[in-house]
Amino acid sequence: MNVKAALSPEDIARACADAMWAEDDASKGLGMEIVEIGPGFATLAMTVRPDMVNGQRIAHGGFIFTLADSAFAFACNSHNERVVAAQGQITFIKPGKLGDRLVAKAREITRGGRSGIYDVRVTAGDTVIAEFRGHSRVIPGTWLPAQDQ
């Protein structure tokens with residue numbers, strides 16, 4: 001029996017996130033945390049630290065992009081396929097500020113064959129900070145081994 005037959009889609013998403021998180025030094029190093037995970041969606045959060053603000057004294061766009069990209073990665077890797085980004089685009093709407101807890105909610109828009117599209121909204125409280133769209137590509141491999149039961 002394979003993993004998909006033994007586990008629910010929610011269990012698979014959580015197990016894939018756990019396996020991926022164990023190796024994700026970048027997201028952990030930036031203080032990100034997984035808030036919620038499920039099949040085709042993920043929510044990650046990160047607090048803007050002093051070393052994340054730019055010369056304008058607002059959150060550097062690269063860190064906002066990285067948070068959105070990490071949420072995108074966890075959402076598209078939630079089906080026990082190894083998936084990477086093929087493209088990502090972000091629109092900055094409002095500035096993030098020092099001390100803000102930024103929350104990135106990624107959701108699957110479409111997935112078929114080896115490709116997928118995911119949207120990520122980054123917020124600080126009720127304020128939308130940025131909108132991100134990522135295109136994914138499946139590569140060989142899985143996160144979870146097949147189980148014989």
Side-chain angles (χ1 to χ4, degrees), residues 3-4 7-112 114-145:
V3 170
K4 287 189 178 188
L7 299 174
S8 71
E10 291 76 17
D11 291 338
I12 290 169
R14 171 47 61 190
C16 290
D18 290 345
M20 204 169 137
W21 186 256
E23 300 298 324
D24 190 345
D25 295 335
S27 296
K28 289 187 284 192
L30 290 173
M32 292 182 201
E33 62 179 282
I34 298 172
V35 176
E36 185 178 21
I37 190 79
F41 70 90
T43 302
L44 272 67
M46 174 183 79
T47 299
V48 179
R49 304 182 313 219
D51 61 338
M52 295 176 173
V53 297
N54 61 21
Q56 303 281 356
R57 304 312 295 160
I58 58 176
H60 190 291
F63 291 109
I64 297 169
F65 185 99
T66 302
L67 174 63
D69 184 50
S70 289
F72 161 53
F74 280 91
C76 64
N77 278 278
S78 64
H79 302 288
N80 198 28
E81 296 177 309
R82 294 248 178 186
V83 182
V84 295
Q87 175 184 326
Q89 178 182 338
I90 196 162
T91 301
F92 299 107
I93 298 167
K94 297 252 181 173
K97 298 178 182 84
L98 179 63
D100 279 352
R101 178 176 164 82
L102 302 181
V103 177
K105 292 187 176 193
R107 65 186 178 92
E108 191 173 272
I109 302 303
T110 186
R111 181 173 74 98
R114 294 183 55 211
S115 299
I117 299 174
Y118 294 77
D119 282 346
V120 184
R121 174 168 284 172
V122 181
T123 58
D126 293 331
T127 302
V128 177
I129 299 298
E131 296 281 354
F132 173 100
R133 173 157 279 189
H135 295 246
S136 66
R137 190 76 169 159
V138 174
I139 61 172
T142 60
W143 287 103
L144 310 174

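Across every non-hydrogen atom of Ser115 and Arg137, the tightest pair is OG-NH1, 3.1 Å. Residue Ser136 comes nearest to Val83 through the heavy atom pair CB-CG1, 3.4 Å, listed as atom of the first residue, atom of the second, then distance. Contact record, Asp24 with Phe74: OD2-CE1, 3.5 Å, taken as the closest heavy-atom pair. Counting all heavy atoms, side chain and backbone alike, Ser78 lies closest to Ile12 at O-CG2, 3.9 Å. Scanning all heavy atoms of the two residues, the minimum distance from Thr47 to Gly99 falls at CG2-O, 3.7 Å. Heavy atoms only, all atoms of each residue included: Arg49 and Leu98 are closest at C-CD1, 3.4 Å.
Between the NZ atom of Lys105 and the CG atom of Asp119 there is a distance of 14.5 Å, given to the nearest 0.5 Å. Distance CH2/Trp21 to CD1/Ile37: 10.5 Å, rounded to 0.5 Å.
Atom CD of Gln87 has more than 12 heavy atoms from other residues, nucleotides or ligands within 6.0 Å. Counting non-hydrogen atoms of neighbouring residues, nucleotides and ligands closer than 6.0 angstrom, the CD atom of Gln89 reaches no more than 12 such neighbours. Within 6.0 Å of atom CZ in Arg133, more than 12 heavy atoms from other residues, nucleotides or ligands are found, so the atom counts as buried in its surroundings. Other residues, nucleotides and ligands contribute only 12 or fewer heavy atoms inside 6.0 Å of the NZ atom of Lys94.
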Stepwise side-chain contact (heavy atoms from CB on, under 4.5 Å) check, Tyr118 with Arg107: CA-CA 6 Å; Tyr118 294 77; Arg107 65 186 178 92; over 6 Å; no
Trace of the salt bridge (Lys or Arg N to Asp or Glu O under 4.0 Å) decision for Lys28 with Glu23: CA-CA 9 Å; Lys28 289 187 284 192; Glu23 300 298 324; over 6 Å; no
Report the C-alpha distance between Thr66 and Met32 in whole Å, list the side-chain angles of each, state the deciding distance to 0.1 Å, and finish with yes or no for side-chain contact (heavy atoms from CB on, under 4.5 Å). CA-CA 10 Å; Thr66 302; Met32 292 182 201; 3.8 Å; yes
Worked check of side-chain hydrogen bond (donor to acceptor under 3.5 Å, both in side chains) between Arg82 and Thr142: CA-CA 5 Å; Arg82 294 248 178 186; Thr142 60; over 6 Å; no
Start with the C-alpha distance between Val53 and Ile58, add both sets of side-chain angles, then the distance that settles side-chain contact (heavy atoms from CB on, under 4.5 Å), and finish with yes or no. CA-CA 5 Å; Val53 297; Ile58 58 176; over 6 Å; no
Do Phe92 and Ile64 pass the side-chain contact (heavy atoms from CB on, under 4.5 Å) test, and can you show the C-alpha distance, the side-chain angles, and the key distance before you say yes or no? CA-CA 9 Å; Phe92 299 107; Ile64 297 169; 4.0 Å; yes
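Between Phe132 and Phe72, the ring planes lie tilted relative to each other; the angle falls in the 30° to 60° range.
Residues Ser27 and Ser70 form a side-chain contact, since some pair of their non-hydrogen atoms from C-beta on lies under 4.5 Å apart. Within the 4.5 Å cutoff, side-chain heavy atoms of Met52 are placed close to those of Leu30. Using a 4.5 Å heavy-atom cutoff, the side chains of Ile129 and Pro95 are not in contact. Put simply, the side chain of Arg121 reaches to within 4.5 Å of the side chain of Val128, judged on heavy atoms. Contact of the Val48 side chain with the Phe63 side chain is not registered, since no non-hydrogen atoms from C-beta on lie closer than 4.5 Å. Between His79 and Arg111, some side-chain heavy-atom pair lies under the 4.5 Å cut-off. Counting only heavy atoms from C-beta outward, the side chains of Ile34 and Arg14 approach each other to under 4.5 Å. Using a 4.5 Å heavy-atom threshold, the side chains of Val35 and Val103 count as separate.
Judged by distance alone, with hydrogens and angles left aside, the side-chain atoms of Arg114 form a donor-acceptor pair with the main-chain N or O of Val138 at under 3.5 Å. Remark: the backbone N or O of Phe65 is not paired with any side-chain donor or acceptor of Asp69 at under 3.5 angstrom. Side chain of Asn80 to main chain of Leu144: a donor-acceptor pair is present (N/O by atom type, distance under 3.5 Å, no hydrogens or angles). In this structure, Asp100 contributes its side chain and Leu102 its backbone to no donor-acceptor pair below 3.5 Å. Distance alone, capped at 3.5 Å, is enough to place a donor-acceptor pair between the His60 side chain and the Gly62 backbone.
The closest side-chain donor-acceptor pair between Ser8 and Asp11 falls under 3.5 angstrom.
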